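Below you'll find the structure, written out as structure tokens, and then a few comments.
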Amino acid sequence: MSPLHFLNQRRSVPAPKLAAPGPDRQQLEQILGAAMRVPDHGRLEPFRILAIEGPQRDTLGAFLAQRALELDPQTPPAQLDKDRKRFSHAPLVLAVIACPQPNPKVPEIEQLMTTGCVCFALLQAAQAFGFGAQWLTGWAARDAAVKARLGIAEDESIAGFIHIGQASNVVAERSRPELSSHFSRWPG
Ligand SMILES: Cc1cc2nc3c(=O)[nH]c(=O)nc-3n(C[C@H](O)[C@H](O)[C@H](O)COP(=O)(O)O)c2cc1C
């Protein structure tokens, strides 16, 4: 079997298809541990991870619906319902927060890429334990009031919400980029 077999199996499971049970305490520690192995220029550790689980998922969903209505009183009920349930499908959602700091040698984009690597490492580690996972952002990740409700500072940003749970059904593979369109050799 190819040593890349596991990596080549990676795919997302849409959050609405993720159900309990999520990772237990030991599994979660290992999943988080895998994310601590990301490349990090200058060892700045420009990220943090916030778990949203249990009843807090519904609390956040209720806040989202209320906030959506505040932003647009005409928001259709179906959209409000979607927002209300947004964090309630998967048993565990890990908010990955970018906390870049000014540094003369490490530009912000490099610190953001490290944070993106954290998101990807969480996806892979969750899948290694047999869980399904999906990296989502959406309007909630960019809204100042949502950020404040989550205790995220103005100079921090949400790189993604990693939803993790049991895949309730098999997800079809999607077409993947054609390698030849994304790879070339420098002719010198
Ligand atoms: C930074 C980032 C944000 C994303 N946000 C969303 C999102 O809000 N909604 C969505 O449907 N997919 C989003 N995606 C895409 C999914 O994570 C996922 O890639 C997609 O469902 C395709 O599945 P795949 O990972 O198997 O390719 C996002 C991906 C990235 C990298």
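Start at 1 and go down the list; that is how both ligands and their atoms are numbered. Counting begins at 1 with the first residue of the sequence. On a predicted model such as this, the values are computed, not experimentally measured, just so you know.
- Sorted by chain and number, the residues within 4.0 Å of ligand 1 by heavy atom are R10, R11, S12, Q134, W135, L136, T137, G138, R174, R176.
- Taking the six-membered ring for Trp and thresholds of 30 and 60 degrees, F87 and H163 have nearly parallel ring planes, at less than 30 degrees apart.
- In this structure, the separation between CD on Q111 and CG on L44 is 5.0 Å, given to the nearest 0.5 Å.
- Here CD of E45 is found 8.5 Å from CE of M36. Values are rounded to the nearest 0.5 Å.
- Taking CG of L92 as the start and CD of E53 as the end, the distance is 5.5 Å to the nearest 0.5 Å.
- Residues I158 and L136 do not share a hydrophobic cluster, defined by chaining ILVMFWY side chains whose heavy atoms lie under 4.5 Å apart.
- Contact check on R86 versus D83 returns a salt bridge, with a Lys/Arg side-chain nitrogen under 4.0 Å from an Asp/Glu carboxylate oxygen.
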